[in-house]
Amino acid sequence: MKKILFSLLFLVSMSVSAQKFFTKTGTTQFKASVEAFEAVEATNKSTSVVLKTDTGEIAALLFMKAFRFRVALMQEHFNENYMDSNKHPKATFRGKIVDYDIDNINNNKKIKGTLTIRGVKKEIEADATFSKSGDKILLKANFSVKPQDFEIDIPSVVRKKIAKSININLDYELVEKK
C-alpha cells in the first residue's frame, strides 16, 4: 500500500512540475525625467523573473536598493525619501501573459497583473515583446506608473523636476530552469 501511495504521489508531483524559464540578472530601468532638468533615471540589473511555460504565469522580484543612478545623491534620496527602501526593500509583480501560447510566443503580447511597490498593490497592463532565441526566451516590455498610485509623495520643491508619469522598461533574458 505504501508503495502504491508513494508511486501515486511521485506521478502527481511530476505532472505538477511545469517547465519554467527564469533569470536573476534581468534589467529594469525607469525614467522620471522632465525636459530642462537633470535626468532622473536608474537601472537595476538584478531583477529575478520566473515564467511558467505551461500557463504563461510570470512573476518578478527586484530590490529597490539595487537601482543605480548616475548621481549618488539621487540614489540616496530615492531610497530614503521616496521609496523608504529600508521599510519596503522590494517590488514584486505577479501576472499572466494575455492570450498565451508557448508555440506562438514570438509575438507582441500584453502582460496583466499586480505590481506591488512600497506595499501598495496596483493592477497594471504592459505591452510586451517575446521572442525565442535558441534555448532562451527574451522579454522586452514597457509601461508607466504614477508615483501617487503607490503613495509616493513628491515634495513641492522638486515636483517640477520629476515626471508625473514614470516610464519603466524591462529587458529580460530567460533560460530554462533545470
Side-chain angles (χ1 to χ4, degrees), residues 2-32 41-69 78 83 85 88-147 149-150 152 165-178:
K2 284 184 181 181
K3 286 183 180 179
I4 294 172
L5 183 59
F6 178 76
S7 298
L8 183 61
L9 287 173
F10 178 75
L11 288 173
V12 168
S13 70
M14 291 299 290
S15 65
V16 169
S17 68
Q19 186 180 19
K20 294 179 184 176
F21 279 70
F22 82 106
T23 185
K24 291 183 181 179
T25 58
T27 300
T28 302
Q29 296 179 311
F30 78 81
K31 295 184 182 184
E41 52 191 51
T43 302
N44 182 322
K45 293 186 176 183
S46 58
T47 305
S48 296
V49 181
V50 176
L51 168 65
K52 286 184 176 180
T53 57
D54 62 334
T55 63
E57 291 174 276
I58 190 163
L61 169 104
L62 65 79
F63 288 96
M64 301 312 289
K65 287 187 176 183
F67 275 106
R68 297 294 171 241
F69 290 74
F78 172 80
M83 301 311 295
S85 296
H88 306 285
K90 61 188 176 186
T92 61
F93 175 80
R94 294 182 81 69
K96 196 165 183 173
I97 303 166
V98 177
D99 298 327
Y100 175 75
D101 176 6
I102 188 62
D103 297 324
N104 193 17
I105 194 124
N106 290 322
N107 281 326
N108 293 336
K109 301 279 186 189
K110 290 208 179 284
I111 300 173
K112 284 185 176 182
T114 304
L115 178 62
T116 305
I117 299 174
R118 298 183 76 236
V120 179
K121 295 180 180 197
K122 172 129 178 92
E123 294 299 312
I124 65 159
E125 184 175 303
D127 293 324
T129 302
F130 289 87
S131 59
K132 279 189 176 179
S133 177
D135 59 349
K136 299 175 184 172
I137 295 176
L138 308 177
L139 163 59
K140 293 184 186 288
N142 58 54
F143 60 97
S144 296
V145 296
K146 295 180 179 171
D149 290 343
F150 297 96
I152 300 168
S165 188
I166 312 301
N167 294 318
I168 300 173
N169 295 301
L170 314 175
D171 189 358
Y172 305 145
E173 186 175 288
L174 308 167
V175 296
E176 186 175 357
K177 187 173 185 175
K178 299 184 186 213

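- Between A126 and N142 the shortest heavy-atom distance is CB-O, 3.8 Å.
- Heavy-atom neighbours of R68 CZ from other residues, nucleotides or ligands within 6.0 Å: above the threshold of 12.
- Looking at I102 and I137, their side chains come closer than 4.5 Å, going by heavy atoms from C-beta outward.
- Taken from CG in L139 to CG in D171, the straight-line distance is 8.0 Å, to the nearest 0.5 Å.
- Rounding to the nearest 0.5 angstrom, the gap separating the CG atom in L62 from the CD1 atom in I117 is 8.0 Å.
- S131 and N106 share no donor-acceptor pair across their side chains, judged by distance under 3.5 Å alone.
- With rounding to the nearest 0.5 Å, the separation of CG in D127 from CG in N108 is 8.0 Å.
- Separating the OG atom in S46 from the CG atom in L61 is a distance of 9.0 Å, to the nearest 0.5 Å.
- By the 4.5 Å heavy-atom criterion applied to side chains, I168 and T28 are counted as neighbours.
- At least one donor-acceptor pair closer than 3.5 Å links the side chain of N44 to the backbone N or O of F63.
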Pair I97-L51, side chain to side chain contact (heavy atoms under 4.5 Å, CB included): steps then yes or no: CA-CA 9 Å; I97 303 166; L51 168 65; 3.7 Å; yes
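- At least one side-chain heavy atom of T43 sits under 4.5 Å from a side-chain heavy atom of T27.
- Listed for the T53 side chain is a donor-acceptor partner under 3.5 Å among the backbone atoms of Q19.
- Partner T114 forms a side-chain hydrogen bond (donor to acceptor under 3.5 Å, both in side chains) with one of R94, K122, E123 and no other, that one being E123.
- Here the closest non-hydrogen pair linking F22 and E176 is CE2-O, 4.2 Å.
- Around atom CG of D99, no more than 12 heavy atoms belonging to other residues, nucleotides or ligands sit under 6.0 Å away.
- The shortest side-chain heavy-atom distance between V98 and K109 does not fall under the 4.5 Å cut-off.
- Aromatic pair F30/F78: centroids less than 6.0 angstrom apart.
- Between K96 and K112 the shortest side-chain heavy-atom distance does not fall below 4.5 Å.
- The salt bridge (charged side-chain N to carboxylate O under 4.0 Å, His left out) test with E173 singles out one residue from K24, K132, K45, K136, and that residue is K136.
- Taking the six-membered ring wherever Trp is involved, the centroid distance between the rings of F130 and Y172 does not fall below 6.0 Å.
- Looking at every heavy atom in both residues, H88 comes nearest to M64 through O-CG, 3.7 Å.
- For the atom pair CD1 (I124) and NZ (K110), the distance works out to 11.5 Å, reported to the nearest 0.5 Å.
- Between Y100 and I105 the shortest heavy-atom distance is CE1-CD1, 3.7 Å.
- E41 and F69 make their closest contact through O-CD2, 3.4 Å (heavy atoms, listed as atom of the first residue, atom of the second, distance).
- Considering CD1 of I58 and CZ of F21, their distance stands at 12.0 Å, rounded to 0.5 Å.
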Verdict with reasoning, L115 to F143, per side chain to side chain contact (heavy atoms under 4.5 Å, CB included): CA-CA 11 Å; L115 178 62; F143 60 97; 3.9 Å; yes
